Structures are given as structure tokens and as C-alpha cells.
Amino acid sequence: MIFNILGLAALAHLMVDFFQYLEINFKPFNCNLCWGFWLSLFPLVIQYGTQGFLAAAMTGVTSEVIYRLIQRL
């Protein structure tokens, strides 16, 4: 499960950067937390059942943490 969370969080961060490059500036496309949650919600719920909701929330938070760590560099 941890690899799914980290992988989807990294993918969400890359997608937000891509949408910002295309100048699409409305939620959920410009927010790492939102995009990480919505991107991972359906695959994780299908794979893990009701625990997928918690995993999707963790994915969104992880994506936001990745964003903030990169901003510090």
C-alpha cells in the first residue's frame, strides 16, 4: 500500500506541475492535496475497499508534503 500511496502522490505532483505549465488554474488542477486525493480515490477504493478512502487522503497529504519539500530547495 505504501508504494501505491507514494507513487500516486508523486504522479499527482507531476500532474499539478503539468497543469500549471498549461496555465489551468482552478481546483482541483492547481492543488496538490486536491489532485492527489481525487487521482487516487477510485483506484485505491477499488483495490482496498473502504480503506481506500483513508489511503486516498494519505496520498493527498503526501503529495502536498512533496510539494512543500521541493519548494524548500
Side-chain angles (χ1 to χ4, degrees):
M1 182 185 286
I2 190 73
F3 289 117
N4 289 336
I5 292 171
L6 290 174
L8 288 167
L11 179 64
H13 176 71
L14 290 174
M15 293 298 293
V16 168
D17 281 346
F18 179 71
F19 287 127
Q20 287 178 352
Y21 175 76
L22 294 177
E23 297 179 0
I24 299 173
N25 293 321
F26 55 90
K27 281 192 174 190
F29 300 111
N30 66 347
C31 174
N32 279 290
L33 182 70
C34 301
W35 189 245
F37 177 78
W38 289 112
L39 178 73
S40 65
L41 181 65
F42 298 111
L44 291 176
V45 168
I46 289 170
Q47 189 170 6
Y48 297 111
T50 56
Q51 290 181 346
F53 290 106
L54 298 173
M58 288 188 282
T59 301
V61 171
T62 305
S63 180
E64 185 67 26
V65 168
I66 290 170
Y67 170 73
R68 290 183 187 220
L69 288 174
I70 289 175
Q71 291 299 315
R72 283 186 175 178
L73 296 177

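The structure displayed is predicted, hence computed values, not measured ones.
Taking a 6.0 Å sphere around CD of Q20, one finds it holds more than 12 heavy atoms contributed by other residues, nucleotides or ligands.
Each salt bridge (charged side-chain N to carboxylate O under 4.0 Å, His left out) pair with one or both residues in residues 8-24, not counting sequence neighbours, would appear here, but there are none. Within the structure, ring pair (Phe, Tyr, Trp, His ring centres under 6.0 Å) pairs that include any residue of residues 4-26 comprise F19-F29, F19-W35, F26-F29 (at least two apart or interchain).
Once rounded to the nearest 0.5 Å, the distance linking CG of L6 with CG of L11 reads 12.5 Å.
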Discussion item. Is there a side-chain contact (heavy atoms from CB on, under 4.5 Å) between L41 and F37? Walk through the geometry before answering.
Written reply: CA-CA 6 Å; L41 181 65; F37 177 78; 3.8 Å; yes

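In this structure, S63 contributes its side chain and T59 its backbone to no donor-acceptor pair below 3.5 Å.
Residues M58 and I5 share a closest heavy-atom pair of CE-CD1, 3.9 Å. Nearest approach of S40 to L8, heavy atoms of both residues: CB-CD1, 3.5 Å.
If you chain together hydrophobic residues whose side chains sit under 4.5 Å apart, M1 and L44 fall into the same group. In terms of hydrophobic clustering, with Ile, Leu, Val, Met, Phe, Trp and Tyr side chains grouped at heavy-atom distances under 4.5 Å, I46 and F53 are assigned to different clusters.
Only one option out of I66, V16, T62 pairs with N32 in a side-chain contact (heavy atoms from CB on, under 4.5 Å); it is V16.
By the salt bridge (charged side-chain N to carboxylate O under 4.0 Å, His left out) test, R68 is found to be paired with E64, residues two or more places apart in sequence or in another chain being considered.
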